[in-house]
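First up is the structure itself, then whatever we jot down about it.
Below, read A as the first sequence line, B as the second, and so on, with proteins coming before strands; counting in each chain starts at 1. Computation of the quantities below employed the complete heavy-atom set of this structure, encompassing side-chain atoms and omitting hydrogens, waters and symmetry-equivalent molecules.
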Protein chains: 2
Amino acid sequence: MSGEKRRGRPSTGVRDAVLAATEAILAESGVARLSTKEIARRASVAESSIFYHFTDRLGLLQAVVHRHLPRYKEVATEVRERAGTGSLRDNLVDLLDGLDAFYERITPILAAVQADGELRALLADRGAGGEIGPQRALLPIAAYLTEERRLGRVRADLDVDSTALLVVGAAHQRAVYRYLSGAAPLPGTGDVIDTLLPALLDA
Amino acid sequence: MSGEKRRGRPSTGVRDAVLAATEAILAESGVARLSTKEIARRASVAESSIFYHFTDRLGLLQAVVHRHLPRYKEVATEVRERAGTGSLRDNLVDLLDGLDAFYERITPILAAVQADGELRALLADRGAGGEIGPQRALLPIAAYLTEERRLGRVRADLDVDSTALLVVGAAHQRAVYRYLSGAAPLPGTGDVIDTLLPALLDA
DNA sequence: GTCTATAAGTTGATAGAC
DNA sequence: GTCTATCAACTTATAGAC
């Protein structure tokens with residue numbers, strides 16, 4: 001950001017290499033087979049360096065999660081800024097595409113959270129809803145829909161929360177199916193939006 | 001089924017106790033903390049009995065998955081038999097409720113599948129789409145919608161595959177949110193269907 | 001900040017008695 | 001079918017040199 005010297009860690013690259021290796025193992029083999037030994041081997045780093053940077057296994061997993069979470073809000077913010085501009089359909093397709101891409105990346109990580117009780121507990125009750133709960137996830141999408149509703153571009157009585165759930169659910173489900181069975185044929189994002197769209201418009 | 005003596009295993013209950021203990025650990029702590037030692041302790045059974053019944057860890061996980069999978073097709077079949085009867089809305093709400101309940105039970109198990117590469121591979125490429133892929137999951141729901149379409153109760157040009165994805169995605173997403181953040185407020189199944197319904201009806 | 005060396009505990013799995 | 005006893009491999013984590 002500034003012209004000054006970098007703040008904090010000089011970053012020799014070990015930290016990033018560890019994070020990258022962790023994500024790679026998570027995507028290929030999952031938490032069940034995630035060991036600090038394997039991470040170290042892949043990152044070409046000493047095993048103890050992992051503990052230096054992340055304290056313990058849980059700290060590492062936490063760091064992996066936090067590395068990707070901000071992208072979700074970015075996707076929601078991007079579409080929200082476009083409320084009222086362009087066509088509603090294009091905005092929704094881009095939103096679904098953005099969410100789909102987000103879930104594609106985070107699905108193995110989200111699986112790890114679900115499959116590790118300690119990690120799940122850690123991310124669960126920050127205030128209400130947690131860092132990955134419905135409030136944090138649905139609200140930003142619902143905010144975009146509320147804006148379009150205020151502008152009269154969707155029906156006045158639209159349930160924005162249910163609509164957000166339908167959109168997010170479709171994106172996540174697509175990503176999970178792709179993760180579980182590779183390149184199996186799946187309804188396209190454009191088709192999904194075209195199917196949902198009539199529900200948003202005036203009766 | 002028959003009045004004859006039970007076929008196969010006399011079943012002293014050890015097998016079922018092991019399965020129940022496995023599912024309990026999966027739901028509480030996830031695959032990351034699932035060990036045969038802990039299973040044996042919870043089931044009050046010798047650790048080696050697990051290997052007698054399920055060969056190895058992977059066989060056990062596979063048995064857990066196959067114990068719950070049939071319920072999915074049951075839910076789909078139940079709604080399909082009701083096509084053309086009752087109100088479309090009621091059928092869809094019951095379908096979503098049924099899927100929601102299914103995913104509530106299977107979410108910790110599905111997380112285990114996603115988080116264990118070997119298990120995932122085992123269930124992935126049986127033919128095309130696998131045992132948990134989109135074909136197996138979406139087709140039965142799409143079949144119900146096709147039937148309603150044939151009966152003229154939904155619009156003639158409805159994309160049944162996209163609709164199925166929206167319904168299944170909503171159910172799964174609801175279950176995941178509940179698993180991740182407990183009793184956080186969530187759009188109700190009735191609200192979700194009421195939101196989606198206008199998209200299914202004639203323009 | 002990164003390494004090598006090390007340790008205590010846990011893992012999935014097998015052998016063999018009953 | 002179920003148990004006890006046993007094992008080698010692997011797990012996370014620490015100590016201390018550079």
Checking all strands, does Thr36(A) fall into the base, sugar-phosphate, or nothing category for heavy-atom contacts under 4.0 angstrom?
base
Whichever of Ala46(A) and Lys37(A) has its nearest DNA chain C nucleotide further upstream toward 5':
Ala46(A)
Per the salt bridge (Lys or Arg N to Asp or Glu O under 4.0 Å) rule, what does the pair list look like for residues 49-58 of chain B, sequence neighbours excluded?
Arg57(B)-Asp116(B)
Would you call Glu78(B) and Arg82(B) a salt bridge, taking side-chain N to carboxylate O under 4.0 Å as the test?
no
Quick one: label Leu34(A) by what it contacts on the DNA or RNA (base, sugar-phosphate, nothing), any heavy atom closer than 4.0 Å.
sugar-phosphate
Per atom distances to the Phe51(A) side chain, the nearest of dG12(C), dG1(D), dT12(D) is dT12(D)
Does Arg33(A) or Thr55(A) map to a spot on DNA chain D nearer the 5' end, using the closest nucleotide for each?
Arg33(A)
Salt-bridge test for Glu118(B) and Arg33(A): reply yes if a basic N is under 4.0 Å from a carboxylate O, no otherwise.
yes
Output yes when Arg178(A) and Glu104(A) qualify as a salt bridge under the 4.0 Å nitrogen-oxygen rule, no when they do not.
yes
Does Ser35(B) reach a base, just sugar-phosphate, or nothing at all? Heavy atoms under 4.0 Å.
sugar-phosphate
Here the distance between atom C1' of dT11(C) and atom CZ of Arg57(B), to the nearest Å, is 10 Å
Where the side chain of Ser49(A) is concerned, which of dT12(D), dC3(D), dC3(C) is the nearest nucleotide?
dC3(C)
